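What you see is a predicted model; the values in this text were computed from it and never measured. All values below come from the heavy atoms of this structure, side chains included, with hydrogens, waters and symmetry mates left out. Just so we're on the same page: letters track the sequence lines, and every chain starts at 1.
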Amino acid sequence: MDSSSSSSSTAQQPDFDYLFKLLLIGDSGVGKSSLLLRFTADSFEDLSPTIGVDFKVKMVNIAGKKLKLAIWDTAGQERFRTLTSSYYRGAQGIIMVYDVTRRETFTNLSDIWAKEIDLYSTNQDCIKMLVGNKVDKESERAVTKKEGIEFAREYGCLFLECSAKTKVNVEQCFEELVLKILDTPSLLADASSGAKKNIFKQKAPEADAAAGGCC
Amino acid sequence: MGTSPSLPPRLPTTTDLTSKEGRLPRDPTPPPTPFSTSRADGIADAAMASTSSKYAKHRRIGEDEEEEEEPEEELERFDDFTIASSWERFISEIEAICRQWLADGPKILMAKGAESVPSFENLYMVKRDLKHGKRVYCMEYHFMKSAKGKYSYWNDDTHSTQLSFGVDDFLIIAPLSASGVVLDDPESTKLLSSIAIALSNCGSNWPAFVPVHDPSRKAYIGIQNMGTVFTRRFEADRIASQVPIRLMHLEGLHELFLSKFVLSSSDFPAKVKVNFSMKLTYRTPEYEYDHEETLDSEATETIAESEVPTQPRKQWDDDCPWAEWYSAEDPVKGFELTAIWGEKMFEESLEMAEVENASSFDADSWLLHPVVSPYMVDDSIGKFVGFASQLYLLVNAFESSGEAQFLEDFVADNSGQDNSKSLVTVPPPSVIDRVMKDLFNDEAGISNYVEAENKHGRALKGAPSDSLFAQFCLHALWFGNCNIRAIAVLWIDFVREIRWCWEESERLPRMKSTSKIDLSTCLIHQKLQMLAICIERKKSLNCEKDTDLANKEGISNSTAPSKIRKGSAGVVPSMMLINIFQEMHAPYTQDAPLMTEDMHEERLHAAEAFGNAVGLSGQLERDILSSDMSAFKAANPDAAFEDFIRWHSPGDWVSEEDKADGNSTWPPKGRLSQRMSEHGNMWRKIWNDAPALPVSEQKSLLDSIREGEKVVHYLETLRPQQLLEQMVCTAFKSSADILNKTSYGSFKLMKTKMDQLYATMASTLKSLQGKSDISDLAGDLKQLCQVFEHIEKLLIFAASVHRKLIDAPRLAQSIFSDYFNYYLPKMGTSLESICYESEFTTKEKVGMLERDAVSSLFRPPTANQSWRKVLSMGNLLNGHEPIQREIVFSVMERVSNGHYSSPTPLCTDEQVETHRMYISGTSNDLWVALSVTSWD
């Protein structure tokens with residue numbers, strides 16, 4: 001996964017093929033900001049708790065495509081929840097993070113966060129990913145990998161365990177998500193940097209094959 | 001048989017060719033067909049007249065004789081055949097074609113491209129043109145793909161010829177002329193003879209028919225060779241007016257049938273066992289309200305009322321959700337009920353009279369068929385008026401919305417454009433007043449619209465149904481002809497009203513009082529939500545000013561020992577402050593500042609512009625945090641930073657208390673999380689800077705005066721195209737929502753279609769939010785209108801069927817799904833209207849328990865109606881005569897071998913239908929078809 005933190009292209013057309021909006025959600029203190037910092041700057045430090053929302057941009061090349069990732073990091077505090085709800089809009093990928101050493105951060109995903117997604121996400125096909133962070137603290141583990149897989153299956157999302165501290169699986173996590181988005185045409189249509197395409201024209205061959213169209 | 005067969009044609013011989021007298025008998029002089037002036041009585045005689053199959057048999061016999069007599073002349077005769085008379089060549093031509101068809105059989109014929117006979121599933125047809133002299137004939141062979149059951153003749157898939165004569169496959173030969181009817185008797189008899197000979201030659205048992213007389217009489221003669229012994233003859237004719245009273249009743253018709261064989265043979269006993277079967281077709285009476293509507297428009301209300309006082313004057317769809325906007329033509333004009341009486345045996349004509357008086361409920365089966373208005377299948381643009389047609393106009397307006405910068409431009413200069421005047425007319429001010437009154441009616445009150453009704457509804461970026469903007473869009477659809485100018489005029493007035501509400505701090509009508517802005521709605525609705533909230537705040541601010549003094553006194557009275565506690569929302573259960581033995585109070589906090597979509601967008605852009613520079617983007621969030629901290633400090637004057645964290649971000653408080661011990665001790669043991677306790681922590685900095693201020697004394701995070709003014713400004717300067725975009729989305733959504741509210745008995749297919757409509761709308765309207773090419777978009781939107789129209793029509797149909805058959809839900813659903821399947825192929829997405837030829841004919845069987853519900857469709861006629869109509873046929877259903885009565889009489893006879901000394905052994909126990917008569921009649925039209933089987 002090549003990456004270049006800043007864009008140096010001076011060409012007229014946009015210097016990326018797609019712009020993806022990704023969102024990090026989960027209880028406070030599960031390591032969302034650390035995960036983001038590890039991915040965008042490849043560093044790890046104990047960060048101040050996010051106030052409201054934070055935002056990072058990273059340019060990557062995946063599957064031969066130049067991608068601009070706008071990653072929104074939200075605060076986990078309940079108080080900020082109403083505020084962050086607007087950031088779900090138009091997100092192509094949503095990463096639900098929990099702390100494998102704190103069980104309640106895992107259960108809150110189904111009790112609170114998954115519901116937030118249903119409520120606020122505007123992209124029907126948006127890709128969800130479940131990430132268990134802090135696997136470096138294996139001894140304190142409170143959520144098994146199997147439970148994570150079960151949850152992911154139930155909610156139809158991708159699943160990965162990682163550690164922002166030891167760098168394990170952090171890049172894979174974002175890469176997997178981006179590849180999945182690249183596989184989803186309806187998400188690409190929004191994210192394309194070029195002009196919006198005519199949906200009827202795009203769908204024309206499909207509709208013909210379906211003999212008369214659906215409606 | 002009472003008629004004398006004409007001379008059998010002989011094979012040509014040389015002598016015949018030379019002598020004129022010899023040739024004459026070869027052209028068969030047709031037997032006199034005795035159609036008497038009283039046609040109904042003449043039918044019997046006529047049927048016996050044509051005996052051409054006898055030619056065939058005689059011919060063969062004659063041939064054999066000749067061969068025996070003159071075997072040596074074989075070759076010579078063969079030569080002669082080639083120079084045979086044109087008639088004989090004609091016969092052999094028919095024979096060749098028939099042999100080909102016989103050899104091919106149905107499967108190969110179908111493979112060779114036999115056409116299916118329209119509206120019959122099982123029936124196919126091949127045809128060939130034939131020339132005889134100067135005339136061209138067309139011979140059609142109708143055959144069935146698969147054989148039918150014996151008693152299925154009442155089935156809809158039965159061709160009238162099959163039904164009338166009781167045959168399966170059949171041949172029809174008719175001249176190729178405008179009328180398609182052989183006009184003179186000699187010609188028709190000759191034609192039938194030819195075909196009979198040909199068929200007999202190839203050993204085929206196909207019945208053959210020739211039309212005779214005037215086409216309106218639908219008269220036929222026909223013949224069928226049934227093995228060597230039997231021959232069946234057919235005859236049909238019609239009386240189109242002045243049907244003798246005797247023949248309007250079953251008794252008389254029964255006698256007519258009996259007379260056929262009493263005349264022809266004395267073998268039959270006086271009492272004959274006659275098989276009888278009947279099909280009655282009823283049609284529901286016209287609904288009265290159609291009639292009343294015309295009266296209504298002529299302002300003769302009083303007369304209408306006095307005439308039909310029992311029935312309320314209303315449209316059929318008055319209580320349908322769309323009735324607020326338009327009245328749809330009832331797609332179901334009525335129903336046709338078919339009651340079928342299966343085979344019964346009768347011996348006397350008197351018994352027939354009883355059948356005539358019997359209740360239709362005694363019939364063996366009932367079939368129901370809706371009579372569907374032709375507008376359902378006519379999709380030429382402009383024919384149908386409903387949401388779809390208005391949406392189409394709105395899309396047109398959208399197309400032209402790019403022509404001007406401001407909506408005022410559309411209103412202003414119109415003087416120069418006389419040519420397009422008709423297109424851009426604006427309804428008079430009185431209409432605008434009415435619309436505004438409706439929109440801003442106080443009684444509309446707080447609308448209870450549901451946000452995000454369904455998955456697709458949420459994907460559609462429009463205003464929620466019944467909200468102010470949605471209602472505006474619906475009014476705009478029906479405002480004049482929804483041209484851009486009319487919309488502009490309406491919008492300007494609409495915004496003026498909103499400005500007034502804002503200035504006067506009047507609550508916006510049709511807006512939910514909410515503290516949230518639903519970002520899945522269209523921007524105008526979000527702005528109106530914002531404005532509604534701002535107006536609410538503005539009002540409460542005004543109130544506060546008045547009561548400020550009193551409040552302050554109240555607070556000062558309730559002073560706490562050390563510091564004044566302000567703005568507490570209550571004690572947080574089982575939470576004690578860390579430094580002082582006091583309960584923790586949760587403060588009232590400010591609502592997070594409301595933002596509309598464009599404000600979020602702005603913030604995102606700002607954040608992106610600042611890039612990764614930490615902290616620069618988070619000013620608003622910090623303000624919120626600071627506000628919370630101030631409020632917390634005010635509510636808990638002795639609180640420490642740790643207390644705030646324990647309340648606000650419990651995750652950052654690492655408790656070291658023994659959880660098993662239920663009672664929490666004081667002071668609470670624990671520490672801040674690492675990240676909170678680090679040096680230079682942003683949270684602590686903000687905490688230190690935050691003054692202790694209750695919410696009431698804080699500066700509001702939302703400047704309602706400023707934001708409200710901004711909203712009104714946005715509405716006033718909205719670009720036409722932006723307005724129209726949002727109107728299109730909202731109008732589509734609201735129209736669909738209105739239709740969706742219709743009760744249509746939750747027919748599954750309809751529900752699926754509605755869901756599909758939402759999905760299609762979502763995907764089409766989505767591109768409106770991107771800045772695509774306007775003409776491209778308009779094309780898509782027009783296609784969407786087409787889809788909308790199909791579904792709207794189907795829905796109206798479903799609603800109509802549902803309400804008419806509310807007591808027979810299963811039947812209603814079956815009828816709907818029949819129609820749905822019929823209609824489905826139409827629903828292509830192309831803009832061109834499809835010429836739809838096949839008619840909807842499917843009949844649905846009515847269950848025994850559903851008969852009551854169906855019969856209630858036939859409201860007993862009022863005194864007025866019965867006075868108008870003279871009933872003459874009997875077989876009444878709730879006082880209504882059938883529109884058609886079809887009867888089949890037949891007599892079966894066991895054929896015994898001994899009786900007929902035929903050389904060819906027949907199956908001795910065979911039942912042969914010797915006489916069969918099909919009668920189709922109304923009080924002034926009677927059509928009779930007779931088949932008689934005879935033996936020679």
Side-chain angles (χ1 to χ4, degrees), chain A residues 5-6 21 27-30 33-34 40-41 45-58 70 72 75-90 99 102 104-105 119-120 122-124 186 189-190 192 195-201 203 207 211-215, chain B residues 455 458-459 516 519-520 589 591-593 595 597 600 604 607-608 611-612 614 617-618 620-622 624-625 628 648-652 673-676 678 680-683 686 753 756-757 759-760 762-764 766-767 769-773 776-777 779-780 783 787 790-791 824-825 827-829:
Chain A
S5 318
S6 64
K21 179 175 171 184
D27 275 9
S28 80
V30 294
S33 305
S34 303
T40 51
E45 49 191 275
D46 249 344
L47 295 158
S48 288
T50 311
I51 299 168
V53 68
D54 196 10
F55 163 83
K56 294 267 190 300
V57 173
K58 178 161 167 126
W72 291 87
Q77 280 81 12
E78 194 183 342
R79 178 71 182 117
F80 292 119
R81 221 170 275 152
T82 45
L83 189 67
T84 51
S85 62
S86 63
Y87 296 95
Y88 288 76
R89 286 182 56 249
D99 178 349
R102 280 160 62 209
E104 77 276 11
T105 64
L119 207 58
Y120 298 120
T122 55
N123 255 333
Q124 304 279 333
S186 65
D190 298 337
S192 170
K196 299 275 174 183
K197 279 166 196 141
N198 182 314
I199 66 128
F200 273 107
K201 279 174 188 163
K203 280 187 178 166
C214 70
C215 269
Chain B
K455 216 172 87 179
R458 221 156 70 87
K516 267 200 313 197
L519 298 177
S520 66
T589 52
D591 288 328
M595 279 186 284
E597 187 176 67
H600 279 291
L604 293 191
E608 280 180 34
N612 291 352
V614 182
S617 57
L620 179 70
E621 283 79 3
R622 258 179 292 174
I624 297 166
L625 188 59
D628 284 359
H648 195 279
S649 181
D652 284 303
S673 68
Q674 167 125 28
R675 57 177 191 168
M676 270 304 176
E678 264 176 23
N681 177 286
M682 193 60 73
W683 287 56
I686 297 172
K753 269 285 160 245
Q756 277 177 11
L757 175 64
T760 314
S763 66
T764 310
K766 208 172 162 192
S767 45
Q769 292 152 42
K771 305 284 169 267
S772 314
D773 179 43
D776 251 19
L777 264 174
D780 287 355
Q783 253 171 291
V787 172
H790 287 313
I791 291 172
L824 200 58
M827 302 180 71
T829 44

query = Is any side-chain heavy atom of B:Leu757 less than 4.5 Å from a side-chain heavy atom of B:His790?
reply =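 No, side chains not in contact.
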request  = May I ask you to test the A:Glu104-A:Asp99 pair for a side-chain heavy-atom distance under 4.5 Å?
outcome  =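 A side-chain contact is absent here, since even the closest heavy-atom pair is not under 4.5 Å.
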message = Looking only at heavy atoms and a cut-off of under 4.5 Å, which of B:His648, B:Met682, B:Gln674 has the most pairs with chain A?
response =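 Going by pairs under 4.5 Å, I would pick B:His648.
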query = Can you tell which of B:Ile686, B:Asp628, B:Ile624 has the highest number of heavy-atom pairs within less than 4.5 Å of chain A?
reply =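 The option with the most such pairs is B:Asp628.
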query = Does the A:Lys21 side chain pair with the main chain of A:Tyr87, one donor and one acceptor, at a distance under 3.5 Å?
reply =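 Flag set: sc A:Lys21 to bb A:Tyr87 pair under 3.5 Å.
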ask   = To the nearest 0.5 Å, how far apart are OG in A:Ser28 and CZ in B:Arg675?
value =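 Spacing of OG (A:Ser28) from CZ (B:Arg675) equals 5.5 Å.
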request  = Find the distance between CG (B:Asp652) and CG (B:Asn681) and round it off to the nearest 0.5 Å.
outcome  =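 B:Asp652 CG to B:Asn681 CG: 8.5 Å, rounded to 0.5 Å.
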ask   = Does any heavy atom of chain A fall under 4.5 Å from the side chain of B:Ser673, the backbone, both, or neither of them?
value =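 Nothing of B:Ser673, per the 4.5 Å heavy-atom cut-off to chain A.
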query = Tell me, side chain or backbone of B:His600 under 4.5 Å from chain A's heavy atoms, or both, or neither?
reply =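 Interface part for B:His600: side chain.
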ask   = So which part of A:Thr50 gets closer than 4.5 Å to some heavy atom of chain B, the side chain, the backbone, both or neither?
value =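 Answer is backbone: N, CA, C or O of A:Thr50 sit under 4.5 Å from chain B.
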